[in-house]
Protein chains: 2
Amino acid sequence: MKAIKVNKALDEAIPMQEPIKVHEAMRYSLLAGGKFVRPILCMAACEVVGGDESLAIPAACAVEMIHTMSLIHDNLPCMDNDDLRHGKPTNHKVFGENTAVLAGDALLSLAFEHVATKTRNVTPQRVVQAIGELGLAVGSGVLVAGQIVDLASEGKQVSLTELEYIHHHKTGKLLEAAVVCEAIMGGGNEEDVEKLRSYARCIGLLFQVVDDILDVTKSSDELRKTAGKDLMTDKATYPKLMGIEKARQFAGELMAKAMDELSYFDAAKAAPLYHIANYIACHQN
Amino acid sequence: MKAIKVNKALDEAIPMQEPIKVHEAMRYSLLAGGKFVRPILCMAACEVVGGDESLAIPAACAVEMIHTMSLIHDNLPCMDNDDLRHGKPTNHKVFGENTAVLAGDALLSLAFEHVATKTRNVTPQRVVQAIGELGLAVGSGVLVAGQIVDLASEGKQVSLTELEYIHHHKTGKLLEAAVVCEAIMGGGNEEDVEKLRSYARCIGLLFQVVDDILDVTKSSDELRKTAGKDLMTDKATYPKLMGIEKARQFAGELMAKAMDELSYFDAAKAAPLYHIANYIACHQN
């Protein structure tokens, strides 16, 4: 239900228009049949602090736009040089490198424009604050920093601290910003924000640990991507650095901490956030 | 004086920090010894509607960050493939393609973050409105659209209408957004905004016409870039499409219209905006 609403909002946010090619490219990656975990998380964060989900949708779309931009740019030949993502050709493979760069740029700027112009029934002060949080999460100190350090670390021996830096900056911080953003939109107070920030930090890390474990334990066919690719290209992963058992144990600890943060909220309202943490812990793809 | 303030604000907006490489790359292009025409225009627009220049500086920095991002990405090998800009090696030549893409992304997101978090003494409502204007100017319908159409038109016969579309979208609209943004920050009313929007449209076009004229009349040494490059690569220019005399006449008409829009404002306060139009009409570099 929430995924359908997000899909509709994203579809409407980028209508097909001239120049066709760049809009097609933006829509190709944005509406690529993703499960919209981030936007659904956004809406749940807004609701747990008592906000209506309608307050959350523009920022939820923005988070998905930013995430998509980072995938499009990270897949470029000059970056990770990926031909496939979830079994589909990557953006530059279909539309060419120049269109892929520009589609990413357009998604990034649309994200901010969208929050600024489409958010309704939230005080402008909260909207400005939310935009600041989102901007910070993409910037040179965070998402971009993670990718830079990731690129620099390829083929090198990476410590656990460095690996955590990369994941926290490339993935975790955007989840954190998304959740914080929506706690602001939903009218949350400072304590709400801090509890949700910690929850988001745990599930962000959890997602990566589980993904790394899957990567070494599943076959290529099941994953619809090249299994073991991270190991082959000598990329650092949790199982490689701590062993598979320790990695599983770490995932369990993260899950427990996420649950603990949620116990602060009304149990019924927090149910979707429990569900998301579970979904991440068990994700098969 | 204004340029020094802008330089200081930009310098402070991106301190050198880890990861060093991406911050170095951002600073390299942002503080590349430009004359900061756009930020100075921003401050003048804020002042002509009665605002203090301090209200204008964060958005003025944002406009320069967006402009710099578009240059870095446009210069990439998959785009215009430029090795030099104003006699200096382009960003990807110095830092590599992947860092150049990421430095552009970081500048774009910093632009929005900077306006949201650094603007002081402006109502949040006006800040949100200004962010919406800026976002619109970069998006898939405008700046990105201009670059897409520009890339698609290379080597083809381009009509005057198409040429105007390209310039208006690649250059003009950002100037317009910059000026409108600052009229909003400065407390301007709707009529102020519309007069300034028209002024900005004229000088944006003027800038391009003058640049095109210069490109065919100056030697490579004077321009510090490859003179006649646009002609050689078969790029459409105003002199090529209308002849050099008609292009000069067109420049004169644009100048006259820009002056006319300014006559609505207090002459003393509008003086910097007159000066900028003159500067553009006579620019030698």
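Just so we're on the same page: letters track the sequence lines, and every chain starts at 1. Predicted, not measured: the structure shown is a model, and the values here were computed from it.
You'll find the side chain of Thr99(A) reaches within 4.5 Å of the side chain of Ile148(B), heavy atoms only. Annotation: side chain of Val22(B) is not in contact with side chain of Gln147(A) (no heavy-atom distance under 4.5 Å). The closest side-chain heavy-atom distance from Val138(B) to Glu113(A) is not below 4.5 Å.
With a 4.5 Å cut-off on non-hydrogen atoms, Tyr165(B) touches chain A through its side chain but not through its backbone. Heavy atoms of Thr117(B) lying under 4.5 Å from chain A belong exclusively to its side chain. Neither the backbone nor the side chain of Ile66(B) comes within less than 4.5 Å of any heavy atom in chain A. With a threshold of 4.5 angstrom between heavy atoms, Ile14(A) does not approach chain B through any atom at all. Looking at Leu110(A), there are no atoms closer than 4.5 Å to chain B (heavy atoms on both sides), in backbone or side chain.
What you find for Asp105(A) and Asp105(B) is that their closest heavy atoms are OD1-OD1, 3.6 Å. Nearest approach of Val128(A) to Ala116(B), heavy atoms of both residues: CG1-O, 3.1 Å.
For NZ of Lys88(B), the number of neighbouring non-hydrogen atoms (other residues, nucleotides, ligands) closer than 6.0 Å is greater than 12. Crowding of Gln17(B) atom CD: a count of heavy atoms from other residues, nucleotides or ligands under 6.0 Å exceeding 12.
The aromatic rings of Phe112(B) and Phe112(A) sit parallel to each other, their planes meeting at less than 30°, with 60° as the upper class boundary.
Rounded to the nearest 0.5 angstrom, Ser140(A) OG and Arg27(B) CZ are separated by 11.0 Å.
When the candidates Ala100(A), Gly139(A), Gly141(A), Ser109(A) are compared by the number of heavy-atom contacts under 4.5 Å with chain B, Ser109(A) comes out ahead. The residue among Val127(A), Leu108(A), Leu76(A), Leu107(A) with the most heavy atom pairs within less than 4.5 Å of chain B is Leu108(A). Of all the listed residues (Gln129(B), His73(B), Glu18(B), Glu133(B)), the one sharing the greatest number of non-hydrogen pairs under 4.5 Å with chain A is His73(B).
A donor-acceptor distance shorter than 3.5 angstrom exists from the side chain of Asn98(B) to the backbone of Cys78(A), with no hydrogens or angles considered.
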